Amino acid sequence: MSIIINLILFIFILGCIVFIHELGHFTFAKLTGVYVYEFALGMGPKLFSFKPKKSETEYSLRAIPLGGFCSLAGEDFENDEKKIPKDKLLQAKKPWQRFLIMFMGPGFNFISALLILFFIGLIWGSTTMTPKISSVEKNYPAYNAGIKEGDIVTTVNGHKIKTMDDLSLYLTLADGTKKTSITVKKEDGKIEEYSLKAKKVVEKNNKGEKVTSYRYGIGLQTDKVYGIGNAIKYMFVKTGSLFKQMGVTVMYLFTGGVKVNQLSGPVGIYTIVGEQAKSGFSSILYLIAYLSINVGFLNLLPIPAFDGGHILFIIIEKIKGSPVSPELENKIHTIGLYLLMLLMLFITINDIIRLF
């Protein structure tokens with residue numbers, strides 16, 4: 001029964017994120033006068049569709065509950081010229097209008113994440129983000145080096161630490177086989193720098209397999225604060241922190257600090273949904289906010305087939321003073337889409353291997 005519930009939650013969460021994203025494109029396409037053929041949730045064959053009277057747009061639900069799309073006139077430029085008035089084509093719109101249409105998909109993801117985080121902070125309390133050490137375990141590197149309970153971490157390997165997320169991120173990315181530089185602010189205001197090597201710990205997981213981890217022996221303090229002011233602060237700080245987390249992860253992905261096989265796709269998300277569901281409704285809401293920021297950030301990367309790829313061509317147009325050939329742009333986006341599908345297949349296979 002739990003498998004069915006988790007699957008329903010998984011589809012609901014992805015559906016919410018995709019709906020919000022495509023609604024951003026749809027809303028600004030309508031506002032700028034672009035003809036919208038279809039607004040779809042899911043991919044593959046249609047399960048259900050309807051087209052209101054006097055509406056140009058068909059609304060549909062499709063069989064595969066992964067993804068969705070907002071089909072705009074002008075994306076397939078050769079066919080659209082014959083069917084739709086030129087002034088209603090995407091490519092006929094001004095660069096700033098096309099920019100808004102492309103940007104507001106991710107933009108709606110960011111706005112929804114802000115609102116969800118504000119709601120969480122207002123109802124369940126806001127989690128403090130200060131990177132304060134709450135405990136130091138004996139016989140571990142942090143304890144032996146002299147790090148104390150109450151210390152506030154300010155840098156890790158030269159990277160500035162402002163939030164708990166920053167601290168977790170850079171400690172995770174640090175090479176456990178080498179020494180890590182950690183700077184802390186003591187309770188008396190004094191700044192101390194420590195150089196310590198993580199302790200190698202080998203344990204067995206639920207499958208009985210040996211798993212190696214590197215630990216410093218520190219616990220992080222998180223408290224709950226309440227009130228509308230704290231909720232507003234939390235939604236901005238947390239969103240900024242998660243946005244930074246994505247940026248650093250992508251940077252390390254390109255430099256080799258993070259491997260492609262460490263990434264997760266739909267199958268990986270499904271396993272996380274099951275874990276979050278056990279923690280209650282607020283955890284599910286947080287997961288929606290977290291994934292919304294991830295989806296928004298990734299879509300803004302200047303990669304063909306992504307919204308950021310479309311935005312890149314708009315920027316190129318502004319620089320060179322004339323638009324890139326629509327046929328050439330469509331071909332580049334198509335190639336990017338195929339490469340993206342291959343990447344997703346690779347990530348999904350890795351997720352399945354990790355499950356078993």
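The first residue in the sequence is number 1, and the count goes up from there. This is a predicted model, so every value here is computed, not measured. Side chains are part of it too, since the values below use all heavy atoms of this structure and drop only hydrogens, waters and symmetry mates.
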Main-chain N/O of [Y] paired to [X] side chain as donor or acceptor, under 3.5 Å:
X	Y	answer
His25	Cys70	no
Arg98	Lys93	yes
Thr239	Phe236	no
Ser282	Ile120	no
Glu22	Phe19	no
Thr183	Thr154	no

| Which distance, rounded to the nearest 0.5 Å, do you find between the OG of Ser49 and the CZ of Phe39? | 14.0 Å
| remark: Exactly one candidate in Leu287, Val295, Ile293 meets side-chain contact (heavy atoms from CB on, under 4.5 Å) with Ile17; the answer is Val295
Which residues pass the side-chain contact (heavy atoms from CB on, under 4.5 Å) test with [X], sequence neighbours left out?
X	value
Leu169	Leu173, Gln245, Val248, Thr249
Thr334	Tyr338
Tyr226	Lys224
Thr27	Leu23, Leu31, Phe108

Close aromatic pair by centroid cut-off 6.0 Å: [X] and [Y]:
X	Y	answer
Phe313	His333	yes
Phe103	Phe28	no
Phe10	Phe12	no

Side chains of [X] and [Y], heavy atoms from C-beta outward: is any pair under 4.5 Å?
X	Y	result
Phe119	Trp124	yes
Ile228	Phe118	yes
Tyr35	Leu72	no
Leu9	Ile284	yes
Phe69	Arg62	yes
Lys244	Asp166	yes
Ile182	Thr155	no
Met164	Thr130	no

For residues 139-146, which side-chain donor-acceptor pairs fall under 3.5 Å, sequence neighbours excluded?
residue : atom : partner : partner atom : Å
Asn144  : ND2  : Tyr140  : O            : 3.4

| Tell me, which pairs form a side-chain hydrogen bond (donor to acceptor under 3.5 Å, both in side chains) where one or both residues lie in residues 289-303, sequence neighbours left out? | none
| request: Mind telling me whether Phe50 and Tyr59 have parallel, tilted or perpendicular rings, with 30° and 60° as the class edges? | output: parallel
What is the minimum heavy-atom distance between [X] and [Y], and which atoms define it?
X	Y	result
Ser195	Lys179	OG-CD, 3.4 Å
Pro106	Asp307	CD-OD2, 3.4 Å
Lys51	Glu56	CE-O, 3.5 Å
Leu220	Ser168	CD1-OG, 3.9 Å
Ala113	Ala289	CB-O, 3.6 Å
Leu167	Pro131	CD2-CB, 4.2 Å

| task | Please test Thr57 against Lys30 for side chain to side chain donor-acceptor pair (under 3.5 Å), starting from the C-alpha separation and ending with a verdict. | result | CA-CA 10 Å; Thr57 306; Lys30 289 288 189 180; 2.9 Å; yes
| field | Verdict with supporting geometry, Asp165 and Thr163, side chain to side chain donor-acceptor pair (under 3.5 Å) | value | CA-CA 5 Å; Asp165 292 335; Thr163 67; 4.7 Å; no
| Are Glu38 and Ser60 close enough, and set up right, to give a side chain to side chain donor-acceptor pair (under 3.5 Å), and what steps lead you there? | CA-CA 7 Å; Glu38 183 180 355; Ser60 65; 2.4 Å; yes
| Audit row: Tyr194, Ser181, side chain to side chain donor-acceptor pair (under 3.5 Å) steps and yes/no | CA-CA 6 Å; Tyr194 301 94; Ser181 173; over 6 Å; no
